[in-house]
Amino acid sequence: MAVVTIVGGQWGDEGKGKIVDILAEKANMVIRFSGGDNAGHTIINPYGKFSLHLVPSGIFYPQVTGIISNGVVINPAVLLKEIDNLASHGIDTSHLIISDRAHLIMPYHTLMDSLEEQRRGQGSIGTTKRGIGPAFADKVSRIGIRAGDLLNKDVLLSHLKPTLEFKNTILTRVYQVPPLSLEEIYQQYCHYGERLAPYIRETLSVINSAVKRGDLIILEGAQGALLDTDFGTYPYVTSSSPLSGAVTAGTGLSPREATQIIGVFKAYITRVGSGPMPTELKDEVGELIREKAHEYGTTTGRPRRCGWFDAVAGRFSAQINGLTSIALTHIDIYDGFPSIKICTSYKLNGEILDCFPSDISVLEKCQPVYEELPGWQEPISKMNDFAQLPSAAHHLIARLEELLSCSINFVSVGPDRAQLIKINSPLL
Ligand code: GDP
Ligand code: IMO
Ligand code: MG
């Protein structure tokens, strides 16, 4: 059938979880391939409302094998809490698989994430403090602990002991905080290992078998393109790649297998944490969007910064992800707006700039150039057919397609599974 990648087109929280939850109905496999529990994917479906941080959003369908692949960093405590919560809602998680190659978030990672943020002071990144950066740093420094290590207590101890000695030296000498106990961490992770053992295995062969069978595989992205370590607003980024290209390293799937790449975008833009955001609205319009859409972080509860749709950043994101189509969410938030603005280019020192700069000191100086489109007054959240949408919404969609050079095949008009309009999509 198809290998469909779903990625965030902006600074995260675009509604990826909702789109995956809907498209997974026909899928055989859903794979989380990057990030960690910094992600918070909200799902509202007949089982209730869920905030999934690690478990793939396709878990609600019994025919879907949910995989947390090698590209993800896993906090076992968070994962077990999530599994238990799903079970308490009657959701079977026996079809979940965890890659033995996935790295683990350890107590020193979460602690060091917070200590580093404190050290940075005014220049803090505004991380989720989930230990994501330190865990990915240890992975590439070759001192990480992997899910497979939990399956053998001796191996776990042999990896943990020297690493913790090193971490404790940093904790006590650099940050001047008390050391962490080897015995406590070891016992805790042995316990996690016992509980997670049924889920942990090698996953590449499982994925390749699904490809061979021609199964529909959905790759569930986390974060958004503008948070990419290389292409995002560095250093105000996350520590893994949220781009479609990360699928290969994050799962072992060949790049030749990807058939569709769907970018999820809000009809406006939001950002949690620090860093430049050219279209940020620090006025009553931004406040209106935040309150109407309840723009508060799924993972940390922090208020999200809100702004008009940034088509310069959007074009950049569509290009670096190689998008084949777009899912546009939250257009219902514009109900009642007299007009809607889209940033079509930036102005820098009197010159027009229509590409996304790599240097944040440049981006910080960019002034958005806006185009103003008419709004609509009628509520659209109950509409389920493209033709029903007001003509002003049709115009907005057509203009965004033009600016991003990509077709919009899904329009989301509310948080619920039922609130999605498809436009000529082969997938629904
Ligand atoms: P994700 O991280 O990309 O999965 O997005 P989050 O779940 O963090 O944030 C998206 C928020 O918007 C959640 O609260 C969703 O329930 C909600 N949501 C998703 N799509 C829509 C939509 O089209 N309209 C509205 N009003 N809310 C939406
Ligand atoms: P989903 O998958 C929005 C942001 C943090 C911070 C920066 C670095 O729900 O879209 P980190 O903890 O990753 O080191 O923080 O990245 N961030 C997200 N923002 N949605 C997310 O995930 C995010 N994951 C990380 O707020 O600015
Ligand atoms: Mg989120």
Side-chain angles (χ1 to χ4, degrees), residues 6-22 32 34-45 49-54 56-57 72-73 75 105 109-110 112-114 116-117 124-137 220-229 232-242 263-277 289 291-305 327-335 379-381 383 410-421:
I6 296 177
V7 285
Q10 297 163 317
W11 274 293
D13 302 328
E14 299 88 350
K16 299 175 291 294
K18 170 186 163 155
I19 301 297
V20 173
D21 174 57
I22 293 169
R32 264 289 307 273
S34 66
D37 65 299
N38 47 352
H41 295 179
T42 313
I43 319 280
I44 303 176
N45 63 23
K49 181 175 177 178
F50 301 87
S51 295
L52 298 181
H53 301 285
L54 286 163
S57 300
V72 178
V73 287
N75 183 327
I105 294 189
H109 292 139
T110 36
M112 283 179 165
D113 196 353
S114 292
E116 256 314 278
E117 283 288 89
S124 71
I125 307 290
T127 73
T128 57
K129 298 187 180 164
R130 298 297 187 107
I132 306 298
F136 277 113
E220 177 177 359
Q223 290 80 51
L226 307 175
L227 287 169
D228 181 69
T229 323
T233 47
Y234 191 87
Y236 299 100
V237 293
T238 190
S239 300
S240 63
S241 175
V264 187
F265 289 79
K266 277 177 179 155
Y268 45 90
I269 199 164
T270 60
R271 175 165 205 170
V272 218
S274 321
M277 179 178 174
I289 294 175
E291 294 315 313
K292 218 172 154 185
H294 195 70
E295 291 291 0
Y296 293 88
T298 312
T299 302
T300 58
R302 290 175 293 175
R304 295 179 182 143
R305 299 155 67 191
L328 185 69
T329 65
H330 294 81
I331 67 161
D332 52 298
I333 299 304
Y334 282 147
D335 290 356
I380 62 167
S381 57
M383 296 182 180
F410 305 95
V411 176
S412 172
V413 293
D416 200 84
R417 206 186 243 184
Q419 293 171 299
L420 190 80
I421 298 173

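Worth knowing before you read on, the calculation uses all heavy atoms, side chains too, and leaves out hydrogens, waters and symmetry mates. Just so you know, ligand 1 is whichever comes first in the structure, and atom 1 is the first atom listed for that ligand.
Using 4.0 Å as the threshold, Arg304 has no heavy atom nearer than that to any atom of ligand 2. Using 4.0 Å as the threshold, Gly8 has no heavy atom nearer than that to any atom of ligand 2. Using a 4.0 angstrom heavy-atom cutoff, Gly224 does not count as in contact with ligand 2. At least one heavy atom of Val237 sits less than 4.0 Å from an atom of ligand 2.
When heavy-atom distances to ligand 2 are checked against a 4.0 Å cut-off, Asp13 comes that close through both its backbone and its side chain. Contact annotation for His41 and ligand 2: only side-chain heavy atoms (C-beta onward) come within less than 4.0 Å of the ligand. The part of Trp11 lying near ligand 2 is the backbone, judged by heavy-atom distances below 4.0 Å. Using a 4.0 Å cut-off between heavy atoms, Arg304 contacts ligand 1 through its side chain alone, with no backbone atom that close. No part of Arg130 comes within 4.0 Å of ligand 2, judged by heavy-atom distances.
Under 3.5 Å, the side chains of Glu291 and Tyr296 contain a donor-acceptor pair of N or O atoms. Using modelled atom types, one finds a donor on one side chain and an acceptor on the other under 3.5 Å when comparing Lys18 with Ser412.
For ligand 1, the atoms closer than 4.0 angstrom to any heavy atom of Ile333 are 26 (N). Listed by number with element, the atoms of ligand 1 under 4.0 angstrom from any heavy atom of Gly17 are 4 (O). Residue Ser412 has at least one heavy-atom neighbour below 4.0 Å for each of these atoms of ligand 1: 20 (N), 21 (C), 22 (C), 23 (O). Heavy-atom proximity to His41, at under 4.0 Å, picks out these atoms of ligand 1: 1 (P), 2 (O), 4 (O), 7 (O).
An N or O contact shorter than 3.5 Å links Asn38 to ligand 2 by distance. Considering both main-chain and side-chain atoms, Gln223 comes within under 3.5 Å of ligand 2 through a nitrogen or oxygen pair. Inclusion of Val272 in the set of residues having an N or O under 3.5 Å from an N or O of ligand 2 is warranted. Here's the thing with Gly133: none of its N/O atoms is less than 3.5 angstrom from an N/O atom of ligand 2. Between Ser274 and ligand 2, not a single N/O pair is under 3.5 Å apart.
Protein heavy atom at the shortest distance from atom 26 (O) of ligand 2 is Arg302 NH2, 3.0 Å. Summary of contacts: the protein heavy atom closest to atom 14 (O) of ligand 1 is Thr42 OG1, 3.8 Å. Of all protein heavy atoms, the one closest to atom 17 (N) of ligand 2 is Leu227 CD1, 3.7 Å. Counting only heavy atoms of the protein, atom 10 (C) of ligand 1 lies nearest to Asp13 O, 3.6 Å. Looking only at heavy atoms of the protein, atom 16 (O) of ligand 1 is closest to Pro415 CB, 3.4 Å.
Taking the charged nitrogens against the carboxylate oxygens, Arg304 and Asp13 do have a contact shorter than 4.0 Å, which makes a salt bridge. Here Glu295 pairs with Lys266 in a salt bridge; the nearest charged N to carboxylate O distance falls below 4.0 Å. Taking the charged nitrogens against the carboxylate oxygens, Asp113 and Lys129 have no contact shorter than 4.0 Å, which rules out a salt bridge.
Here the shortest heavy-atom distance to atom 8 (O) of ligand 1, taken over Gly40, Gly224, Gly35, belongs to Gly40. Of the listed residues (Lys18, His330, Lys266), the one carrying the non-hydrogen atom nearest atom 17 (C) of ligand 1 is His330. The closest non-hydrogen atom to atom 24 (N) of ligand 1, taken over Val411, Ile380, Asp332, comes from Asp332. Among Thr127, Ile125, Asp37, Thr229, the residue whose heavy atom lies nearest to atom 14 (O) of ligand 2 is Thr127. If you check each of Gly35, Gly126, Gly273, Ser34 against atom 6 (C) of ligand 2, the one with the closest non-hydrogen atom is Gly126.
When distances to the Mg ion (ligand 3) are checked against a cut-off of 2.8 Å, Ala39 contributes no N, O or S atom below that limit.
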Trace of the side-chain contact (heavy atoms from CB on, under 4.5 Å) decision for Val20 with Ile43:
CA-CA 9 Å; Val20 173; Ile43 319 280; over 6 Å; no

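The two residues Gly133 and Ser239 come nearest to each other via the heavy atoms CA-OG, 3.2 Å. Nearest heavy-atom pair, Thr229 versus Val237, reported as atom, atom and distance to 0.1 Å: CA-CG2, 3.9 Å.
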